[in-house]
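Letters A, B, ... are given to chains in the order of the sequence lines, protein chains preceding strands, and every chain is numbered from 1.
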2 protein chains.
Amino acid sequence: MKRKPLSIAAALAVATSALLAGAPSFAADEPIQAIEPAKISDPAKVQLGKKLWFDPRLSRSGFISCNSCHNLSMGGSDNVAASVGDRWQKGGINSPTVLNAVFNIAQFWDGRAKDLADQAGGPIENPIEMNSTHELAVSTLQSIPGYVQEFKSVYKVDKIEIKQVTDAIAAFEATLVTPNARFDKWLKGDKKAITDVELKGYELFKSSGCVACHNGPNVGGNMFMKMGVVEAYKTDHPAEGRSAVTGNEIDRFTFKVPTLRNVELTYPYFHDGAAQTLTEAVDIMGRLQLGKKFTQEENAQIVAFLKTLTGDQPQLTMPILPVSSDKTPRPDPFAPIVAPGKK
Amino acid sequence: MKRKPLSIAAALAVATSALLAGAPSFAADEPIQAIEPAKISDPAKVQLGKKLWFDPRLSRSGFISCNSCHNLSMGGSDNVAASVGDRWQKGGINSPTVLNAVFNIAQFWDGRAKDLADQAGGPIENPIEMNSTHELAVSTLQSIPGYVQEFKSVYKVDKIEIKQVTDAIAAFEATLVTPNARFDKWLKGDKKAITDVELKGYELFKSSGCVACHNGPNVGGNMFMKMGVVEAYKTDHPAEGRSAVTGNEIDRFTFKVPTLRNVELTYPYFHDGAAQTLTEAVDIMGRLQLGKKFTQEENAQIVAFLKTLTGDQPQLTMPILPVSSDKTPRPDPFAPIVAPGKK
């Protein structure tokens, strides 16, 4: 199979023009922008979404919640190459972090969901993830008086619908941003916020071309790019990338460029989770995407820079979930699956 | 197999004399005592214990933490009859709540652990739970600089040992108490804190003999009792109870009396999780332990009383876990188990 390399120069041109059009006033000459704390316009909706986020009753087993694979104590990911799904099924792709996902151009590695709400419905009914159905999830919520009351209060409805469930989860997720990274402080003018080594790493990150794809407020997340531009990426992982969405052969092995914010926390790396360390990831990316073999010193400098992208992690009070009623379906994680979830 | 019923009157006498000896001054004539907020003497140790509590790296898979089965968003339990363990193995017994467990006479349903620290080491190395070993868990923690620093700060050690791990977890668990239940307010003199129906339920709870076993600050947790005193409990669950600990046949099917605090939140009920609702649990307990068939009204009154035992749930900020280093073992939930955890 022949793969046509995409032009890095073209991607860089696009990124640069985007910057010129929409960059904030500070550090306007840098291809990465600082992010700001989330502005919460509807706190009741966010609180409801937080409960849903942590509620394993959205899964068939009653054991898996959104937080199981996007653990907010662990950089919004699960730090394993493939996530554990219903009945310990192996996840199809390395769980991307939910942190700052609101800034992404689309959701999932292949961008098949246009936004956070569109994404949130997926895992609930994915047979290898939560393996429920939207019907079962909604009827469970509808049987829980505390949820009925909150949905009524937030959405003015008596009958809960999946679109409100995903909307509330998305509203919560939109608050999961990580401002005040040391690099952001540097961008805002605090030149002491990063060390000389870290600054050298950033200069290398720019001059080597990493920034062609990893740019913008999320240092990624704003375009799709082929994995293996200069040299093919070798993996036995079955994910085919964006071609599964577009149907275009040219999109085969093209993935949404992952954010590098908090990348120190979100090991292992790549869609197959094959790179265990940042050192390994930087080395592979350099060779495969840029045709560049970083020296050990250069690699260490870039890794040092990447660690300046760790921002303030969300400080969350764990929600107390509304108690089930006697009518709430009682999940049994070990029951035979009689009505499997649909794709 | 003949089972010798224990004397309820004898148990009540023991409970009463214990009360006369050590009861607080308020409500000294009641067999249940209010609980108070936790006093935290070593906040750094509690914070370390909280991190360990939420850290799935204590499990072989990297997916299961203490909180997976003792979910602090759900009454400190998991609301399923049998918990999900490593590789989706079925747990041996219904997860008891961790809330107020510090008040229990011993830990586990069969009381095989003398205290919280003694308990905390169990699930880590239980092959059907977290399926790690103490050695692996400790070497994982030792590879994480953030943990090394915290253990050094709290325990003045460079080399982490399992006894410090379980000590810190226990220190955190000891803070998980739920004061200010409406019933506690009533005990302290606020006679409006519970309704007439709830009070009737409490009177029935006492006059029927429930209180013989469910008494003290934890409304249980302070003695062992046979399950099925008057009438045998029918179950195909294999747990044999305290005889597994003592080796005495007389202890067969004897379990630690579970706390009834927050019982509204900790469904399903009994060591086998067979009772789905409080109504069902009260009915079965009445018949099997007391030889009493509660009317529907009586049952509802007792259930109403039990719901007054729900206290303030712990308000916890989710910890941000110390990041793994490049040397930290990378868990793979789907790898064949080459060195199975030991019992």
Original post:
A:Arg330 and B:Tyr267: side-chain contact (heavy atoms from CB on, under 4.5 Å), yes or no, with the steps?
Top reply: CA-CA 9 Å; A:Arg330 293 293 194 262; B:Tyr267 48 89; 3.9 Å; yes
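- Of the two parts of B:Ser325, neither the backbone nor the side chain holds a non-hydrogen atom closer than 4.5 Å to a non-hydrogen atom of chain A.
- Atom CZ in B:Phe54 sits 4.5 Å away from atom CE in A:Met318 (nearest 0.5 Å).
- Pairing each heavy atom of B:Ile320 with each of A:Pro314, the nearest pair is CD1-O, 4.0 Å.
- For the residue pair B:Pro319 and A:Ser73, the shortest heavy atom distance occurs at O-OG, 2.7 Å.
- No side-chain heavy atom of B:Phe63 sits less than 4.5 Å from a side-chain heavy atom of A:Ser83.
- Between chain B and the residues A:Asp78, A:Val84, A:Thr317, the largest count of heavy-atom pairs under 4.5 Å involves A:Val84.
- Using a 4.5 Å cut-off between heavy atoms, B:Asp86 touches chain A through backbone and side chain atoms alike.
- Under the 4.5 Å side-chain criterion, counting only non-hydrogen atoms from C-beta, B:Val80 is in contact with A:Pro331.
- Taking A:Leu278, A:Thr277, A:Asp332 one by one and counting their heavy-atom pairs under 4.5 Å with chain B, the maximum is reached by A:Thr277.
- Other residues, nucleotides and ligands contribute only 12 or fewer heavy atoms inside 6.0 Å of the NZ atom of B:Lys307.
- Contacts between B:Met74 and chain A at a heavy-atom distance below 4.5 Å involve the side chain alone, from C-beta outward.
- Proximity to chain A involves both the backbone and the side chain of B:Ser68, based on heavy atoms less than 4.5 angstrom apart.
- Neither the backbone nor the side chain of A:Asp312 has a heavy atom closer than 4.5 Å to any heavy atom of chain B.
- Side-chain contact between B:Asp326 and A:Thr279 is present, with at least one heavy-atom pair separated by less than 4.5 Å.
- Not a single donor-acceptor pair under 3.5 Å links the side chain of A:Trp88 to the backbone N or O of B:Gln89.
- Within the model, atoms CG of A:Leu321 and CG of B:Leu265 stand 10.0 Å from one another, a figure rounded to the nearest 0.5 Å.
- No part of B:Thr310 comes within reach of chain A, as not one of its non-hydrogen atoms sits under 4.5 angstrom from that chain.
- Neither the backbone nor the side chain of A:Glu280 comes within less than 4.5 Å of any heavy atom in chain B.
- Residue contact with chain A, scored on non-hydrogen atoms closer than 4.5 Å, involves the backbone and the side chain of B:Ala82 alike.
- Comparing B:Lys51, B:Glu264, B:Arg87, B:Arg57 by how many heavy-atom pairs each has under 4.5 Å with chain A, the most go to B:Arg87.
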